[in-house]
There are 2 protein chains.
Amino acid sequence: MDLSNNTIERLCRIFGHLGAIEKTGVEFVSSAELAGALGATSYTVRKDLSLLGITGFTRKGYEVSSLKKELGSKLRLAGRRKACIVGLGRLGSALLDYEKFQEDGFEIVAGFDRSVNKLERIRTHIEVYPVGSMKDVIKEKGIEMGIITVPGEHAQEVADRLTGCGVRGILNFSPVEVSVPDKVVSVNMDFTNALRFIAAKLGG
Amino acid sequence: MDLSNNTIERLCRIFGHLGAIEKTGVEFVSSAELAGALGATSYTVRKDLSLLGITGFTRKGYEVSSLKKELGSKLRLAGRRKACIVGLGRLGSALLDYEKFQEDGFEIVAGFDRSVNKLERIRTHIEVYPVGSMKDVIKEKGIEMGIITVPGEHAQEVADRLTGCGVRGILNFSPVEVSVPDKVVSVNMDFTNALRFIAAKLGG
DNA sequence: TTTTTTTGGTGAAAAATTTCACAAAAATCA
DNA sequence: TGATTTTTGTGAAATTTTTCACCAAAAAAA
Ligand SMILES: NC(=O)c1ccc[n+]([C@@H]2O[C@H](COP(=O)([O-])OP(=O)(O)OC[C@H]3O[C@@H](n4cnc5c(N)ncnc54)[C@H](O)[C@@H]3O)[C@@H](O)[C@H]2O)c1
Ligand SMILES: NC(=O)c1ccc[n+]([C@@H]2O[C@H](COP(=O)([O-])OP(=O)(O)OC[C@H]3O[C@@H](n4cnc5c(N)ncnc54)[C@H](O)[C@@H]3O)[C@@H](O)[C@H]2O)c1
């Protein structure tokens with residue numbers, strides 16, 4: 001099964017949205033409702049789901065809890081994944097303590113910084129380490145994903161280090177696009193570029 | 001001229017990358033180099049630029065400074081834009097003091113929170129206000145863009161308020177997709193979904 | 001000077017993605 | 001019961017996006 005990035009992204013959002021629906025106690029959701037919450041069309045939602053072999057019920061829609069379960073297992077979002085954060089400045093330390101990642105199965109189990117000063121000062125219940133111990137900590141804790149929150153100048157160097165330690169997924173918050181080996185999945189979240197995009201769409 | 005979102009997004013990234021090249025003093029850049037830095041192909045870069053009527057020089061590429069200038073004016077990224085942040089918690093207050101937005105022409109000129117406590121405690125040189133004064137402040141300062149960093153439950157309400165005050169661009173950091181009037185541009189940055197996407201791509 | 005190489009520009013082809021159209025199934029209604 | 005409505009599932013059509021092929025221009029090399 002070979003899903004496009006667009007499809008994967010939408011399915012992940014559906015998965016997230018199902019969590020919210022679940023809390024309301026609603027049992028069934030139609031493709032049109034999902035589409036509305038996603039900014040997509042009902043066709044697209046149905047097609048995306050059918051690509052995974054997921055089917056709903058005529059005249060009822062999809063059963064919320066079983067859809068969530070199926071998506072979770074088909075997209076491998078059900079298990080727990082361990083992640084670390086490199087760069088414990090303003091942004092990195094905010095992320096370090098964001099409890100909601102836990103709820104979604106993402107466990108931030110370590111923070112790294114090259115400044116001993118930062119490490120000493122930081123107040124968190126998550127263990128923090130100097131970058132030197134990255135290899136050991138990542139191996140030992142079985143960390144799969146790395147979050148980069150260092151200045152752009154150091155982003156590539158950190159990405160190299162992370163992939164060198166066996167990390168296969170990278171979420172990069174620096175404005176510099178990092179290049180990674182083929183097998184590694186990397187996503188860039190460039191806030192400034194998001195603002196540029198908005199400005200460009202606004203025009204005038 | 002009707003550019004696709006993909007094209008606009010790439011052009012914005014090129015614009016950002018040109019800033020970095022400019023600092024190195026390099027005068028010309030080829031479509032292949034830009035493509036490399038972007039994770040695109042040289043065809044796409046050339047086509048994107050040509051859609052804007054931007055042309056380069058045979059055997060030299062594009063002149064960095066004039067390309068930046070042209071992109072800036074064609075995409076309206078050259079001027080200064082004023083933005084505000086609503087929700088001054090962990091993330092919002094980190095964004096409030098992120099100086100680099102300034103360098104790119106985005107001026108964060110106000111912060112809003114509904115908690116008086118937060119407002120009193122926050123240490124920043126940017127003016128902060130209770131949400132009640134949003135309308136006045138936005139009008140008075142000419143704020144065009146709003147950044148939402150409140151909990152998901154309040155995101156839609158804040159988006160409504162912002163658009164009600166005339167804000168036309170929204171960058172939403174909450175995990176809840178907000179719906180806005182047609183004329184308003186909104187971008188969602190859902191970190192958890194980015195992690196989900198990575199996890200789904202990783203598989204196993 | 002002539003040839004070769006590099007790089008951009010662009011219409012056409014190919015590929016990918018989205019939308020559509022409609023059959024089928026089930027709930028609702030008359 | 002039988003007609004009607006609603007909603008899924010999906011192959012086909014339409015649209016969009018990307019890639020390709022190849023020409024022209026200019027620099028470099030011969
Ligand atoms: N803070 C924001 O609101 C914000 C907004 C948009 C983008 N960003 C981006 O996020 C990244 C982090 O921003 P920030 O404001 O938190 O920066 P910051 O300067 O506050 O923190 C950066 C941290 O990274 C550490 N560091 C630097 N080089 C390192 C290395 N090689 N290995 C390990 N640690 C290293 C520093 O010691 C510091 O603690 C930057 O790339 C920035 O552009 C931040
Ligand atoms: N902190 C993170 O690292 C992080 C990571 C991922 C996503 N997010 C998302 O970003 C958003 C902010 O996260 P946070 O951790 O900074 O939250 P937070 O709880 O620290 O801060 C939220 C702030 O919003 C204010 N607020 C609440 N309702 C409001 C309203 N209606 N109008 C104005 N202000 C209001 C609160 O007073 C508070 O100061 C959330 O949606 C969260 O899911 C945060």
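Order of the sequence lines fixes the chain letters, A, B, ..., with proteins taken first and strands second; residue numbering starts at 1 for each chain.
- OP1 or OP2 of C:dT18 has at least one side-chain nitrogen or oxygen of A:Asn6 nearer than 4.0 Å.
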Sub-3.5 Å pairs of nitrogen or oxygen atoms, protein against nucleotides 10-15 of chain D:
from   : atom 1 : to      : atom 2 : distance (Å)
D:dG11 : O6     : A:Lys47 : NZ     : 3.0
D:dA12 : N6     : A:Lys47 : NZ     : 3.2

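- Under 3.5 Å, the side chains of A:Gln102 and A:Arg80 contain a donor-acceptor pair of N or O atoms.
- Atom pair A:Arg59:CZ and C:dA23:C1' shows a separation of 16 Å (rounding to whole Å applied).
- The shortest distance between the side-chain N/O atoms of A:Ser4 and the OP1/OP2 oxygens of C:dA16 is not below 4.0 Å.
- Considering A:Asp48, A:Thr44, A:Asn5 as possible partners of A:Arg10, the one that fulfils the side chain to side chain donor-acceptor pair (under 3.5 Å) test is A:Asp48.
- Residue A:Phe28 comes nearest to A:Glu33 through the heavy atom pair O-OE1, 4.2 Å, listed as atom of the first residue, atom of the second, then distance.
- For the pair A:Tyr62 OH and D:dG9 P, the interatomic distance rounds to 4 Å; values are reported in whole Å.
- Between D:dT18 and B:Arg10, a contact under 4.0 Å exists linking OP1 or OP2 to a side-chain N or O.
- Heavy-atom contacts from other residues, nucleotides or ligands closer than 6.0 Å to NZ of B:Lys139 number more than 12.
- Each of A:Thr7 and A:Lys60 has a nearest nucleotide on DNA chain C; the 5'-most of these lies closest to A:Thr7.
- One atom, CD of B:Glu63, and another, C1' of D:dA26, lie 16 Å apart when rounded to the nearest Å.
- Between B:Thr44 and D:dT19, a side-chain N or O to OP1/OP2 separation shorter than 4.0 Å is present.
- For the pair A:Ile54 CD1 and D:dG9 C1', the interatomic distance rounds to 13 Å; values are reported in whole Å.
- Checked by atom type and distance alone, the side chain of B:Ser4 pairs as donor or acceptor with a backbone atom of B:Thr7 at under 3.5 Å.
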Intermediate values then yes/no, salt bridge (charged side-chain N to carboxylate O under 4.0 Å, His left out), B:Arg196 and A:Glu9: CA-CA 8 Å; B:Arg196 280 192 207 112; A:Glu9 202 265 346; over 6 Å; no
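- Between the CD1 atom of B:Ile8 and the P atom of D:dT17 there is a distance of 10 Å, rounded to whole Å.
- Per the geometry, CZ belonging to A:Phe57 stands 16 Å off C1' belonging to C:dA24, to the nearest Å.
- When the options A:Phe173, A:Phe101, A:Phe106 are evaluated for a ring-ring contact (aromatic ring centres under 6.0 Å, His included) with B:Phe191, the one that passes is A:Phe173.
- Between B:Ser42 and C:dT7 there is no side-chain polar atom (N or O) within less than 4.0 angstrom of OP1 or OP2.
- Atom CZ of B:Phe28 is separated from atom C1' of C:dT7 by 12 Å (rounded to the nearest Å).
- Spacing between atom CG of B:Leu34 and atom C1' of C:dG8 amounts to 12 Å, rounded to whole angstrom units.
- A:Ser31 has a side-chain polar atom (N or O) that falls below the 4.0 Å cut-off from OP1 or OP2 of D:dT8.
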